[in-house]
Trainee: 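The structure under discussion is supplied below as structure tokens; questions concerning it will follow.
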There are 2 protein chains.
Amino acid sequence: MNIGAAAKSSGVPAKTIRYYESIGLIPPAHRTESGYRDFSKIEIDTLRFIQRARSLGFPVKDVAKLLDLWHDRSRASSDVKALATGHVEAIDRKISELHSMRDTLLHLVTQCHGDDRPDCPIIDGIAGGEQMTAADIAS
Amino acid sequence: MNIGAAAKSSGVPAKTIRYYESIGLIPPAHRTESGYRDFSKIEIDTLRFIQRARSLGFPVKDVAKLLDLWHDRSRASSDVKALATGHVEAIDRKISELHSMRDTLLHLVTQCHGDDRPDCPIIDGIAGGEQMTAADIAS
DNA sequence: CTTGACCTTCCAGTCTCTGGAAGGTCCATA
DNA sequence: TATGGACCTTCCAGAGACTGGAAGGTCAAG
């Protein structure tokens with residue numbers, strides 16, 4: 001299976017597959033006589049695994065760890081769980097950071113009449129900052 | 001005021017101030033005879049504005065637009081509101097994306113006993129993907 | 001045999017900094 | 001006055017995760 005078909009079947013773009021090979025996330029693919037990459041079913045499964053892990057937000061380095069854990073049949077499930085739990089916590093931190101940004105911003109937005117006049121509580125809020133809250137402190 | 005004092009007083013690290021100058025977000029600072037950057041109070045206010053806008057998650061390009069809007073006294077508040085509203089929507093999209101990741105992942109995590117045994121629903125979930133939901137589709 | 005869709009490599013750009021090296025400057029103290 | 005340490009300067013490189021594009025080779029259909 002060439003890289004285009006592998007991309008379609010795994011959901012990982014061809015360019016990204018080459019990139020993953022270049023950084024060593026996946027081993028170098030076999031080549032046909034003419035130099036085209038040739039992917040086996042197992043390699044497609046690996047790409048799909050990577051695609052799913054990435055879509056869950058795991059950084060590429062963690063995906064590498066997950067691939068190792070996947071192939072290590074003697075590893076404890078607690079190892080995987082620790083990695084996943086850490087990631088959930090990272091997501092939670094990100095979410096609450098975004099929430100505080102959103103709250104502050106929405107507060108300013110609702111105070112702005114948004115018409116032709118130049119007076120604007122949003123700009124004033126960013127410039128003055130007196131009523132800035134979580135997002136301000138969090139930075 | 002030299003760059004170190006400007007950094008302290010604005011909350012923008014010295015390195016970042018130089019970076020902002022290099023990309024044109026702020027105009028080149030005045031220099032002392034010996035070549036040190038010298039910041040006025042107005043420039044510190046600008047840096048503070050930038051710091052607050054960035055802490056609200058505005059991308060640097062939008063911060064540039066906000067700076068223009070800040071200095072344009074004839075602009076309509078609706079222009080600012082449009083920018084801010086667009087950003088709130090972007091934040092909302094990000095939050096819901098993270099939420100669906102979190103939900104999927106937490107579902108897998110709670111199914112994993114996390115002990116010494118190798119059997120692991122997290123790895124199986126990523127590999128098999130049958131019970132993958134939003135995060136899978138969202139990608 | 002030509003055409004068009006694929007494949008290859010390599011370089012550059014995105015975005016927002018951040019670290020580090022090599023060297024100049026400023027100020028206070030000995 | 002000399003010296004030390006804390007500042008400042010520039011420039012280059014790297015992070016993370018791709019993505020675009022150019023230049024050129026290959027494959028399959030008509």
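Here is how names work: the chains are called A, B, and so on, in the same order as the sequence lines, proteins then strands, and each is numbered from 1. All of these numbers come straight from a predicted model, not from anything done at the bench.
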Trainee: Is the phosphate of C:dC17, meaning OP1 or OP2, less than 4.0 Å from a side-chain N or O of B:Tyr20?
Mentor: yes

Trainee: Expressed in angstrom and rounded to an integer, what is the separation of A:Ile26 atom CD1 from D:dA17 atom P?
Mentor: 15 Å

Trainee: Could you pick out which residue, A:Pro13 or A:Ser34, lies toward the 5' side of DNA chain D when each is mapped onto its nearest nucleotide?
Mentor: A:Pro13

Trainee: When the distance from CG of A:Asp62 to P of D:dA15 is rounded to whole Å, what number comes out?
Mentor: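 So the CG-P distance, A:Asp62 to D:dA15, works out to 16 Å.
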
Trainee: For the CD1 atom of B:Ile91 and the CG atom of B:Leu56, what is their distance to the nearest 0.5 Å?
Mentor: 7.5 Å

Trainee: When rounded to the nearest 0.5 angstrom, what is the spacing between OG in B:Ser10 and CZ in B:Arg52?
Mentor: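 If I round to the nearest 0.5 Å, the distance is 10.0 Å.
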
Trainee: Considering non-hydrogen atoms only, spot the tightest contact between B:Met1 and B:Ile44 and give its length.
Mentor: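 Smallest interatomic distance, heavy atoms only, reads SD-CD1, 3.7 Å.
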
Trainee: Within this structure, what is the CD1-to-P distance between A:Ile17 and D:dA17, rounded to whole angstrom?
Mentor: 17 Å

Trainee: Is the closest basic N to carboxylate O distance between B:Asp115 and B:Arg117 below 4.0 Å?
Mentor: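 Salt bridge between B:Asp115 and B:Arg117, a charged N being under 4.0 Å from a carboxylate O: yes.
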
Trainee: Quick one: bend of the helix from C:dC1-D:dG30 to C:dA30-D:dT1 from 5 pairs per end, to 10°?
Mentor: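 The two end axes of the helix from C:dC1-D:dG30 to C:dA30-D:dT1 meet at 20°.
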
Trainee: Under a 4.5 Å cut-off applied to non-hydrogen side-chain atoms, are A:Leu98 and B:Asp92 in contact?
Mentor: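 No. Closest side-chain heavy atoms not under 4.5 Å.
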
Trainee: So that I can tick it off, tell me whether A:Asp62 and A:Lys65 are bridged by a salt bridge, with the cut-off set at under 4.0 angstrom between side-chain N and carboxylate O.
Mentor: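 Looking at A:Lys65 and A:Asp62, the cut-off is met.
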
Trainee: Find the distance B:Glu33:CD to C:dG24:P and express it as a whole number of Å.
Mentor: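 Distance, rounded to whole Å: 18 Å.
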
Trainee: Using the side-chain heavy atoms of B:Thr16, tell me which of these nucleotides is nearest: D:dA17, C:dC17, D:dT19.
Mentor: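 Nearest to the side chain of B:Thr16 among the choices is C:dC17.
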
Trainee: Please determine whether the number of non-hydrogen atoms from other residues, nucleotides or ligands lying under 6.0 Å from atom NE2 of B:His30 exceeds 12.
Mentor: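 Atom NE2 in B:His30 is not crowded, with 12 or fewer foreign heavy atoms closer than 6.0 Å.
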
Trainee: Between B:Arg31 and B:Asp38, is the closest basic N to carboxylate O distance under 4.0 Å?
Mentor: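 Salt bridge flag = no for B:Arg31 with B:Asp38.
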
Trainee: Hey, could you give me each pair passing ring-ring contact (aromatic ring centres under 6.0 Å, His included) that has a residue in residues 41-61 of chain B? Not counting sequence neighbours.
Mentor: B:Phe49-B:Trp70, B:Phe58-B:His87

Trainee: What is the distance, to the nearest angstrom, from the CD1 atom on A:Ile23 to the P atom on D:dA15?
Mentor: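 It is 11 Å, rounded to the nearest whole Å.
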
Trainee: Could you tell me the separation between the OH atom of B:Tyr19 and the P atom of C:dT18, rounded to a whole number of Å?
Mentor: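 It is 10 Å, rounded to the nearest whole Å.
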
Trainee: Classify every nucleotide of nucleotides 5-11 of chain D by which part a protein heavy atom approaches to under 4.0 Å, writing B for the base, S for the sugar-phosphate alone and - for neither, in 5'-to-3' order.
Mentor: --BSBBB

